[in-house]
Amino acid sequence: MTEVRTRFAPSPTGFQHLGGFRTAFFAYLLAKKHGGQFLLRIEDTDRERLVPGAIRFIVEELGWLGIQIDEGPSREELKAIGELWDGAPEIGGPCGPYIQSLKLKRYKEVAEELISKGFAYRCDCTPEMLERERAEQMARRELPGYSGYCRTREVSADRPHVVRFKIPQKRALTLNDAVRGRVHWDSIPLRDTVLLKSDGFPTYHLAAMVDDHDMRISHVLRGVEWLSSAPVHLLLYEALGWQPPIFAHFPLVNGTDGKKLSKRSGALNARQVREMGYLPETVLNFVSLIGWAPGEGSNQEIFTRDELIKSFSLEGINQASGVFDATKMAWMNGLYIRNLSVGEFIERCKPYMELAGVQVPAEQFAALAPHVQERVKALTEVAPMLDFLADKPLTREMDSMFQKGIDAPKAREVLNRSLVVLEALPDFTVEAIDQALRGVATELGLKAGPAFGVLRVAVTGKTITPPLFESFAVLGKDTVLSRIRETLDLIPA
RNA sequence: GGCCCCAUCGUCUAGCGGUCUAGGACGCUGGCCUCUCACGCCGGAAACAUGGGUUCGAGUCCCAUUGGGGUCACCA
């Protein structure tokens, strides 16, 4: 096999959801598996849907995910289209520009070539004319589509016009798809599609084929939504006399409604998922398991990036579309968090703690980190679990204290006795606290659960916390005692 | 509607003609552990869409039906 070169070619029209990043990741995996290159190409040919900042979003989130781009827009290219930002990486490469709006001349050249060879023609039908034609077809209950009116007319290049590709209706075609096998058309159910728009910009069909060729892309990985237009692409390669790349049409990722993933169906994008406290390794691992499995009887589903690169293959791609199951991703994130070293865990929590405005002394954080680590499914859950360590007034869920046979007098009793016992401790260690407090419970004829429940709310304010004694030890004797006293004042006598 | 794609537990999937009384994971659920919540461990319920073929034998091959999805733009 010649060099493997794949690409991710998003249009900067908004924030890509995870389905898009999955395609990017698969393309990356295939390239890396074969020691090839992964490129990023910006398909900004739709002037109306451009969203400023979308390119930055894509580049930054790919970076967060650790998907290395071998070739892509240079800073100069970004600057040329007014999308350069501070800290934008210098990517570049030998096949640029990697931004389509920067190579309009090239597309026009190809379009002209197609016209001169008789594969395409100029069409000056106005949108109004096309609209009327469509309406008439609908009225006659015919399939709507361009009639080919301009096929035989000689439209002058001076007039506003588009360039259309002549689609031979009676032409059988077979695509050898890397994931679907042979896909066959007896005839092509498409009308003469536009290659070059009247504003001088190419459509996807022209631009993507030209670029894939120019950039020597070996494998085109894209969603099945492109399968129906694959005949156009095949025909285009044929007309141009170019060798088509290998096509691999991936199954879609659907939302829980069974429909193609979209913002409407609650699709998440990489940034959101990051803000929600997901680890990039979780996202990559999880997303790669939708529509792909290692096969060969393997049950493995936790993969490092390197393992993914090694195991990945187009043969392992499924035909059926999948559903994005956020619950399972949450589980996986918890698993990845638990597998982090404590130091790494603390490090990764930092930005989230800051964002939440929770300041916890490093030593205290370190002491409780292992306990927190096995309790969270997302990094954002850490701050609320540790905010009782912050030097701030506590808000207590007092009602939750009085349960399982604990009334106000009983609670006072627990707190009073604990106060005495804890105060007497020479060393405020986990073991000592453990022993002392269990003693209190026994003494008062209470089970450990309810008794400690009172203390938990009194000292941390919540019902769900890291282990009690550890938390107390970290908090220190003074704070614990004063918080117990505070609580005593809050309980009706 | 035309064309194309798809079809194993609720979800992600293993299975590439016999080893399938269909395996794993998430979720759900019973129990153990236990100071809350988690983690961990043990157990359970849960699927081959339907109908025809082919074959000694079909979850696995073929066809039809049904169901789902995609696409039919001067959007990608």
Side-chain angles (χ1 to χ4, degrees), chain A residues 9-13 43-49 123 125-127 130 134 141-146 160-164 175 177 180 183-191 193-199 201-205 207-208 222-231 249 251-252 254 256 258-260 286 289-302 315 318-332 334-335 338 371-377 385 400 434 437-438 441 447-453 455-457 460 462-469 471:
Chain A
S11 62
T13 53
E43 309 214 327
D44 59 342
T45 56
D46 184 350
R47 313 304 292 158
E48 288 174 18
R49 296 201 308 150
C123 163
C125 293
T126 61
L130 296 174
R134 203 188 329 271
R141 308 205 60 183
E142 287 172 11
L143 291 168
Y146 182 61
H161 65 275
V162 301
V163 175
R164 287 183 185 272
L175 167 71
D177 190 271
R180 267 149 230 285
V183 180
H184 181 80
W185 288 265
D186 283 327
S187 64
I188 301 152
L190 298 168
R191 306 304 181 94
T193 73
V194 173
L195 256 24
L196 204 64
K197 298 184 259 187
S198 55
D199 63 1
F201 280 79
T203 59
Y204 170 88
H205 306 297
R222 29 135 86 151
V224 258
E225 72 259 33
W226 288 109
L227 193 52
S228 331
S229 48
H249 288 96
L252 258 18
N254 294 333
T256 36
K259 297 276 167 63
K260 189 170 152 184
F286 182 72
L289 254 24
I290 306 174
W292 173 84
E296 294 173 357
S298 168
N299 275 336
Q300 183 177 359
E301 53 180 5
I302 301 300
E315 290 70 49
N318 275 111
Q319 320 263 294
S321 54
V323 171
F324 186 92
D325 180 9
T327 313
K328 185 159 182 175
M329 185 166 74
W331 160 79
M332 191 176 281
L335 188 82
R338 270 172 260 137
H371 302 290
V372 175
Q373 209 175 338
E374 65 178 34
R375 260 156 254 262
V376 298
K377 283 192 163 73
M385 192 166 281
S400 53
D434 185 328
L437 259 20
R438 282 185 199 284
K447 291 192 127 183
F452 295 167
L455 286 161
R456 190 183 310 279
V457 174
T460 69
K462 332 171 184 289
T463 53
I464 297 174
T465 70
L468 238 215
F469 315 133
S471 301

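Order of the sequence lines sets the chain letters (A, B, ...), proteins ahead of strands, with each chain counted from 1.
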Using Watson-Crick or G-U wobble geometry with both distances below 3.5 Å, tell me the partner of [N], or none.
{"N": "B:A7", "value": "B:U66"}
{"N": "B:G1", "value": "B:C72"}
{"N": "B:C20", "value": "none"}
{"N": "B:G27", "value": "none"}
{"N": "B:G40", "value": "B:C32"}

For A:Trp226 and A:Tyr204, take the angle between the two ring planes, folded into 0 to 90°, and tell me which bin it lands in: parallel under 30, tilted 30 to 60, perpendicular over 60.
parallel
Within less than 4.0 Å of OP1 or OP2 of [N], is there a side-chain N or O belonging to [X]?
{"X": "A:Lys197", "N": "B:A73", "result": "no"}
{"X": "A:Arg49", "N": "B:A76", "result": "no"}
{"X": "A:Asn254", "N": "B:U11", "result": "no"}

Residue [X], side-chain atoms from C-beta onward, closest of [options]:
{"X": "A:Ile464", "options": "B:C37, B:U13, B:C74", "answer": "B:C37"}
{"X": "A:Lys377", "options": "B:C35, B:C39, B:C74", "answer": "B:C39"}
{"X": "A:Lys328", "options": "B:C26, B:C35, B:A76", "answer": "B:C26"}
{"X": "A:Trp226", "options": "B:C39, B:A76, B:U36", "answer": "B:A76"}
{"X": "A:Trp331", "options": "B:U13, B:A25, B:C39", "answer": "B:A25"}
{"X": "A:Thr465", "options": "B:C35, B:G24, B:U36", "answer": "B:U36"}
{"X": "A:Asp46", "options": "B:A25, B:G69, B:A76", "answer": "B:A76"}
{"X": "A:Ile290", "options": "B:G24, B:A76, B:U13", "answer": "B:U13"}
{"X": "A:Arg134", "options": "B:C26, B:A76, B:A73", "answer": "B:A73"}
{"X": "A:Thr45", "options": "B:G24, B:A14, B:A76", "answer": "B:A76"}

[atom1] of [X] versus [atom2] of [N]: gap in Å, rounded?
{"X": "A:Met329", "N": "B:U11", "atom1": "CE", "atom2": "P", "result": "18 Å"}
{"X": "A:Phe469", "N": "B:U34", "atom1": "CZ", "atom2": "P", "result": "13 Å"}
{"X": "A:Lys462", "N": "B:U36", "atom1": "NZ", "atom2": "C1'", "result": "13 Å"}
{"X": "A:Phe286", "N": "B:U11", "atom1": "CZ", "atom2": "P", "result": "13 Å"}
{"X": "A:Arg438", "N": "B:U34", "atom1": "CZ", "atom2": "P", "result": "9 Å"}
{"X": "A:Glu374", "N": "B:C33", "atom1": "CD", "atom2": "C1'", "result": "13 Å"}
{"X": "A:Asp434", "N": "B:U36", "atom1": "CG", "atom2": "P", "result": "13 Å"}
{"X": "A:Trp292", "N": "B:A25", "atom1": "CH2", "atom2": "C1'", "result": "14 Å"}

Output for pair (A:Phe201 CZ, A:Asp44 CG), nearest 0.5 Å, gives 7.0 Å
Say you pick atom [atom1] in [N] and the same atom in [M]; how far apart are they, in whole Å?
{"N": "B:C48", "M": "B:G43", "atom1": "C1'", "value": "25 Å"}
{"N": "B:A22", "M": "B:C41", "atom1": "P", "value": "25 Å"}
{"N": "B:G44", "M": "B:U60", "atom1": "P", "value": "28 Å"}
{"N": "B:A47", "M": "B:G10", "atom1": "P", "value": "7 Å"}

The residue, A:Tyr146 or A:Pro467, whose nearest nucleotide of RNA chain B is more 5′ is A:Pro467
Sorted by position of nearest nucleotide on RNA chain B, 5' first, the leading residue of A:Glu301 and A:Leu335 is A:Glu301
Verify side-chain contact (heavy atoms from CB on, under 4.5 Å) between A:Lys197 and A:Thr203, making sure each step is shown before the conclusion.
CA-CA 7 Å; A:Lys197 298 184 259 187; A:Thr203 59; 3.8 Å; yes
Inset, instruction - Answer yes or no: side-chain N or O of A:Arg456 and base N or O of B:C35 forming a donor-acceptor pair under 3.5 Å. - result: yes
- Side-chain donor/acceptor contact of A:Thr327 with base of B:C26 under 3.5 Å: no
Min side-chain heavy-atom separation A:Leu195-A:Arg164 under 4.5 Å: no
| said: Counting C-beta onward and ignoring hydrogens, is there a side-chain heavy-atom pair between A:Arg134 and A:Tyr146 closer than 4.5 Å? | reply: no
Have a look at [X] and say if it touches a base, only the backbone sugar-phosphate, or nothing, with a 4.0 Å heavy-atom cut-off.
{"X": "A:Thr13", "value": "nothing"}
{"X": "A:Phe201", "value": "nothing"}
{"X": "A:Pro12", "value": "nothing"}
{"X": "A:Gln300", "value": "nothing"}
{"X": "A:Pro466", "value": "base"}
{"X": "A:Gly295", "value": "sugar-phosphate"}
{"X": "A:Ile188", "value": "nothing"}
{"X": "A:Gly453", "value": "nothing"}
{"X": "A:Pro294", "value": "nothing"}
{"X": "A:Leu468", "value": "base"}
{"X": "A:Val323", "value": "sugar-phosphate"}
{"X": "A:Arg191", "value": "nothing"}
{"X": "A:Gly291", "value": "sugar-phosphate"}

- Begin with the C-alpha distance, continue with both residues' side-chain angles, and end with the deciding distance and a verdict on side-chain contact (heavy atoms from CB on, under 4.5 Å) for A:Ser229 and A:His205. CA-CA 8 Å; A:Ser229 48; A:His205 306 297; 3.8 Å; yes
Testing the basics here: between [X] and [Y], what is the closest heavy-atom pair and its distance to 0.1 Å?
{"X": "A:Arg456", "Y": "A:Thr463", "answer": "CD-O, 3.2 Å"}
{"X": "A:Val372", "Y": "A:Pro466", "answer": "CG2-CG, 4.2 Å"}
{"X": "A:Leu252", "Y": "A:Val224", "answer": "CD1-CG2, 3.8 Å"}
{"X": "A:Ala441", "Y": "A:Ala448", "answer": "CB-CA, 4.4 Å"}
{"X": "A:Ala230", "Y": "A:His249", "answer": "CB-CE1, 4.3 Å"}

Using the 3.5 Å cut-off, write out each protein N or O paired with an N or O of nucleotides 3-8 of chain B and the distance between them.
residue	atom	partner	partner atom	Å
B:C5	O2'	A:Arg180	NH1	2.6
B:C6	OP1	A:Gln319	OE1	2.7

- Check whether more than 12 heavy atoms from other residues, nucleotides or ligands sit under 6.0 Å from atom CD of A:Gln300, and answer yes or no. yes
